[in-house]
2 protein chains.
Amino acid sequence: MPADVAATSNPARVAWSCVAALFMSPQNHGRFAQTAAGIGLNPGAMKALMTLHTMGELPMRALGSELHCDASMVTQMVDALEAKGYAERVASPTDRRVKLVRLTKRGVNARHQALDQLSVPPAAITSLPERDQEALARILAKALTLADPPMDPPHTV
Amino acid sequence: MPADVAATSNPARVAWSCVAALFMSPQNHGRFAQTAAGIGLNPGAMKALMTLHTMGELPMRALGSELHCDASMVTQMVDALEAKGYAERVASPTDRRVKLVRLTKRGVNARHQALDQLSVPPAAITSLPERDQEALARILAKALTLADPPMDPPHTV
DNA sequence: TATTGTTATACTCTATAACTATA
DNA sequence: TATAGTTATAGAGTATAACAATA
C-alpha cells in the first residue's frame, strides 16, 4: 500500500474502499446476476429469497420494508418465487387482508445453492497467505456482529 | 463467529461471504446509485468514469471490453459523460474509424467526489477496534495487488 | 470483406397510480 | 377512512440488430 494512502486516509476508509474495489471489479462483475439466473430468478427476487430465509414467515409488506421497496414490487418478486416453487403465500390467521410469505423446502435449497456460488472468493483473496485469510475471516465476521442490526455470516443462516 | 462456520468453510470463503453480506446489506444498498446520481450520472456511466481515469485515453471499443459491455452501450455511456462535460471524444490519429475517449479536468474532479463518497465505511467497519481496522486495511490493500490484473487501492488513482 | 462507432428498436427491471378487499 | 395486496401503466437501463464510414 502506498504510503500516502495510509497518511491521508483512516484505516476504515482504506479498508472499505478496497472492499468496494474488489466487489466492483470486472472479475466480480455480474456474479450476483449470474447466480440469480442460475436458480431462475432475477437479482431482486433472489434478494427476497435471502431475506425470507433470514426472517422466516413474513407479511408481504414487511418483506417490502425489509428490502426497501414498495408493495407492488413485492407482489412481483413473490410471484417469481412462487412460479419457481420457492415460496408460497399463506393467509394470515389474524388479518384477512394480510398474506404471509413462506419459503418452501425447494426455496431453501435454491438459497443454499446461490449462497454457495456467491461465497466463492476471488483470486485476490485466495492468493493471500493463509494467515492473512484467517485474520480477514475473523475480523470481518466480527464486523458483521457490530452492524446495526447485527448480521449473521451468510454461511450460518 | 459460530464454530461450525470455521469448521465447514475455508477462511477465504468465510471472508468473502462476509464482504458480500456487508456490501449487499440494506444499509449499503443503493449507495452506488446514489453516488452516481450525485454527479449526474447513472451507475453504468459512473463505472466508465472510473475506468477511464485508471486507463487513460482509450478507444471506445477498448472501454467496452474493459467494462464487459458492447459498443452501443459505450456510445450511450460516453454520450452521458460528454453531456456533463466529464469526457470528450478525440479522433484517433492512426485510424479514422476510431474515437478515443479522454476525461476532462471536470471529469477527474467528479470522479474524486464519487470516490470520496463511496469509500465512507459502514458502521460495521468503523465499530471495529482500531487494531482490527488497521489489519483489515493492510490485508485488503495487499489482496488488491494480488488480483489479476493487480488493482490499485481506489484512493491512490 | 472486416471493423468502428452510431442509430433504431425491443426487452427487462423498477417505480407510480389506480383498484379491490378487508379493517 | 385507512391499510394490505394486486393490477395496469410508464419509465429507466440495458441488450440486440441494422446501418454508415473507414480499413
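Just so it is clear, the structure is predicted and the values come from calculations on it, not from any experiment. So you know, we letter chains A, B, ... as the sequences are listed, proteins then strands, and number each from 1.
- The aromatic rings of B/H29 and A/H68 sit parallel, their planes meeting at an angle under 30°, below the 60° perpendicular limit.
- Atom pair B/D70:CG and C/dT3:P shows a separation of 16 Å (rounding to whole Å applied).
- Between A/W16 and A/F23, a ring centre-to-centre spacing not shorter than 6.0 Å is recorded.
- For DNA chain D, the span of nucleotides reached by chain B at under 4.0 Å from its heavy atoms goes, 5' to 3', from D/dG13 to D/dA23.
- When each of A/C69 and A/R96 is assigned the nucleotide of DNA chain C bearing its nearest heavy atom, the one mapping closer to the 5' terminus is A/C69.
- The pair B/R13-A/D116 counts as a salt bridge, with a side-chain nitrogen and a carboxylate oxygen less than 4.0 angstrom apart.
- With hydrogens and angles ignored, the 3.5 Å screen pairs a side-chain donor or acceptor of B/K47 with a backbone N or O of A/M24.
- Cluster annotation: B/V98 is not connected to B/L58 through the hydrophobic network of ILVMFWY side chains, with a link wherever side-chain heavy atoms come within less than 4.5 Å.
- Judged by distance alone, with hydrogens and angles left aside, the side-chain atoms of B/E88 form no donor-acceptor pair with the main-chain N or O of B/R102 at under 3.5 Å.
- Across all non-hydrogen atoms, the minimal contact from A/R31 to A/V120 is NH2-O, 2.7 Å.
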I'd like a list of close polar pairs between nucleotides 5-9 of chain C and the protein, N/O only, cut-off under 3.5 Å.
from: C/dG5; atom 1: OP1; to: B/M60; atom 2: N; distance (Å): 3.3
from: C/dG5; atom 1: OP1; to: B/K99; atom 2: N; distance (Å): 3.1
from: C/dG5; atom 1: OP1; to: B/K99; atom 2: O; distance (Å): 3.2
from: C/dG5; atom 1: OP2; to: B/R61; atom 2: N; distance (Å): 2.8
from: C/dG5; atom 1: O3'; to: B/K99; atom 2: NZ; distance (Å): 3.4
from: C/dG5; atom 1: N7; to: B/R61; atom 2: NH2; distance (Å): 3.1
from: C/dT6; atom 1: OP1; to: B/R89; atom 2: NH1; distance (Å): 2.6
from: C/dT6; atom 1: OP1; to: B/K99; atom 2: NZ; distance (Å): 3.1
from: C/dT6; atom 1: OP2; to: B/T75; atom 2: OG1; distance (Å): 2.7
from: C/dT6; atom 1: OP2; to: B/R89; atom 2: NH1; distance (Å): 3.0

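- Looking at A/I39 and A/Y86, their side chains come closer than 4.5 Å, going by heavy atoms from C-beta outward.
- The neighbour count for A/R106 CZ, taken as heavy atoms of other residues, nucleotides or ligands under 6.0 Å away, does not exceed 12.
- For the contact set between residues 29-50 of chain A and DNA chain D, defined by any heavy atom under 4.0 Å, there are no members.
- Remark: side-chain polar atoms of A/Q27 are paired, donor with acceptor, to backbone N or O of B/D148 under 3.5 angstrom.
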